[in-house]
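First listed ligand is number 1; within each ligand, the first listed atom is number 1. Computed from heavy atoms alone, side chains included, the values below leave out hydrogens, waters and symmetry copies. Numbers here are sequence positions counted from 1.
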Amino acid sequence: MTLTVLSVASEIFPLIKTGGLADVIAALPAAVASEGITMPTLVPGYPAVMDGLREATTVHQYADLHGGPARILAGTAAGLSLFVLDAPHLFARPGNPYLAPDGDDWADNAFRFAALGAVGADLGRGIVPGFTPDIVHAHDWQAGLTPAFLHYGEGPRPATVMTVHNLAFQGQFPSELLEAIGLPPRAFSLEGVEYYGHIGYLKAGIALADHVTTVSPTYAAEIRGKEHGMGMDGALRQRSSAVSGILNGIDVNIWNPATDKTISSKFDAKHLAARAANKVALQARLGLALDPAALVFGVVTRMTWQKGIDLLYEALPAIDAAGAQLALLGAGEAALEDAFVAAADAAPDRVAAVVGYDEQLAHLIQAGADALLVPSRFEPCGLTQLCALRYGAIPVVSRVGGLADTVVDANEMALAAKAGTGVVFSPVSLAALEIAIERTAALWRDRTAWKGLQRRAMATDVSWARPAARYAELYRTLSALRAG
Ligand code: ADP
């Protein structure tokens, strides 16, 4: 059965990206196409989106959408089929999509993303002739009001899915805005958009979508508890029977060590020897000692508390004691950036820290590092460990969220059974991280064990094939229920 699904999101790679969400939104349409599903995506008309848009036609106009005229454009960009909400008074602002130049949230974010939500709902109800989606799939808080507008609106509506990519970002706004953003008074209830006295955009989506997904089964379970629920655990427990986890994949064409033009030496699982040249290139580029015997830990990350980067900093002596090197690429909190730059200045042959965002270096780290460290405190899915598996950089990860679901710990029993793809540690503490570093170093010294780990890591299916089949199954079930 063919289905049409409208995806609604605020980010899409390569046009606009602040995190893994953008990668997923860009990959999903092609992934589900193989399941017979057509998926255009509605995104705000940020300058980068408008610049990238080709063959655009106006398919609907609004005389006034929260303070100015707006229109829906249909077109393509970077091979993606898009609806674009062109509302210059809301979105014609370069740079970070959520933050003003002073670093604070844009003062009108409530209206900007109420507009996105409302237009998602309009498209869902068929405001554009010839386009009537079977499902509307909203992503993260920016699109959280789409299921709410569909729920409270009149007439038949498509089925709705809300996906939580990161519960840490919730979109909360003052209750006084309820009418101004276009919701009826009855929406302000425990079963509706109300969230601790505010309007919660993500809460709205969680409460009112027909189904809620998050990006790994373990995260789906974790967020129903106090520790990882971030205040939303109650709302999620209310919806328990409608909450599930579907892992992300990665684009295995972009991330393919056998064809990757950005790395120094192409390789695959059968030609692992060719990988060594990437390690030399990485060490040379970052000024590390050109020592093939030294275990190189790579890190590619946002530098925030979520990612456990402060723990990693404290673990630098353990990395040194293991005779290992660190190759870090990251950007984020200034204090963390500064700490790693200082550590690199103090020991440039063993520690390298590149502050910034650099896709090409990210590829070289995955291809050249022996292991990839991901000591996250929480991780909805995580993409970097999937890239690491594909490139034979052994992932060393905390046992949380999607990390727990994608990396198989190479403990003694696993190794005896010729299983295991990485090193998994818990709890998320300095002591446990130090032990994981020591364990990794011990595995590294056993060349046969290490090669086995690499081969199994690289054989792991990190593509979108399985996740796409899961989404397709969900869409079909929901659509049949509504039709039924
Ligand atoms: P999150 O979305 O929480 O930041 P993910 O692991 O899900 O974490 O996705 C992060 C994505 O961004 C990955 O594709 C990763 O390679 C990329 N990335 C993160 N930091 C950098 C950086 N400094 N340079 C290049 N790519 C980065």
Report task. Could you give me the CA-CA distance, side-chain angles and deciding distance for Trp141 and Phe113, then say whether ring-ring contact (aromatic ring centres under 6.0 Å, His included) is met? Result -> CA-CA 8 Å; Trp141 74 266; Phe113 297 104; 5.0 Å; yes
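With a heavy-atom cut-off of 4.0 Å, Asp23 touches ligand 1 through its side chain alone. Only the side chain of Lys307 comes within 4.0 Å of ligand 1, judged by heavy-atom distances. Residue contacts with ligand 1, taken as heavy atom pairs separated by less than 4.0 Å, do not involve His363 at all.
Atom 10 (C) of ligand 1 has Gly20 N, 4.1 Å as its closest protein atom, hydrogens excluded (heavy atom only). Ranking the protein heavy atoms by distance from atom 16 (O) of ligand 1 puts Thr384 CG2, 3.8 Å first. Nearest protein heavy-atom contact of atom 12 (O) of ligand 1 is Lys17 NZ, 3.6 Å. Residue, atom and distance of the protein heavy atom nearest to atom 24 (N) of ligand 1 are Asp358 N, 3.0 Å.
In this structure, Leu478 and Glu473 have side chains that are not in contact, with every pair of non-hydrogen atoms separated by 4.5 Å or more. Leu53 places a side-chain heavy atom less than 4.5 Å from the side chain of Val84. The shortest distance between side-chain heavy atoms of Tyr46 and Ser10 falls below 4.5 Å.
Every atom of ligand 1 is numbered from 1 in the order shown, and the set under 4.0 Å from a heavy atom of Gly19 is 2 (O). Ligand 1 places these atoms under 4.0 Å from at least one heavy atom of Gly356: 22 (C), 23 (N).
Taking the ring centroids of Trp255 and Tyr391, they lie under the 6.0 Å cut-off. Aromatic rings from His228 and Tyr219 are positioned such that their centres are separated by 6.0 Å or more.
Considering backbone and side-chain atoms alike, Ala362 places every N or O at 3.5 Å or more from each N or O of ligand 1. In terms of N/O distances under 3.5 Å, ligand 1 is not approached by Asn166. By the 3.5 Å distance cut-off applied to N or O atoms, Val300 is not counted among the residues near ligand 1. Taking only nitrogen or oxygen atoms, main chain and side chain alike, Glu359 does not reach within less than 3.5 Å of ligand 1. Residue Leu383 has at least one N or O atom closer than 3.5 Å to an N or O atom of ligand 1.
Looking at Met303, Arg302, Glu11, His165, it is Arg302 that brings a heavy atom closest to atom 3 (O) of ligand 1. The option with the heavy atom closest to atom 26 (N) of ligand 1, from among Trp255, Tyr357, Phe13, is Tyr357.
Using a 4.0 angstrom heavy-atom cutoff, Gly330 counts as in contact with ligand 1. The shortest heavy-atom distance from Gln385 to ligand 1 is not under 4.0 Å.
Judged purely by distance below 3.5 Å, without hydrogens or angles, the side chains of Asp405 and Thr218 pair a donor atom with an acceptor atom. Looking at Thr163 and Thr213, their side chains do bring a donor and an acceptor atom within 3.5 Å of each other. With no hydrogens or angles considered, no side-chain donor-acceptor pair links Tyr471 and Glu35 at under 3.5 Å.
At most 12 heavy atoms of other shown residues, nucleotides or ligands fall within 6.0 angstrom of atom CZ in Arg466. Around CD of Gln238, the count of heavy atoms belonging to other residues, nucleotides or ligands within 6.0 Å does not exceed 12.
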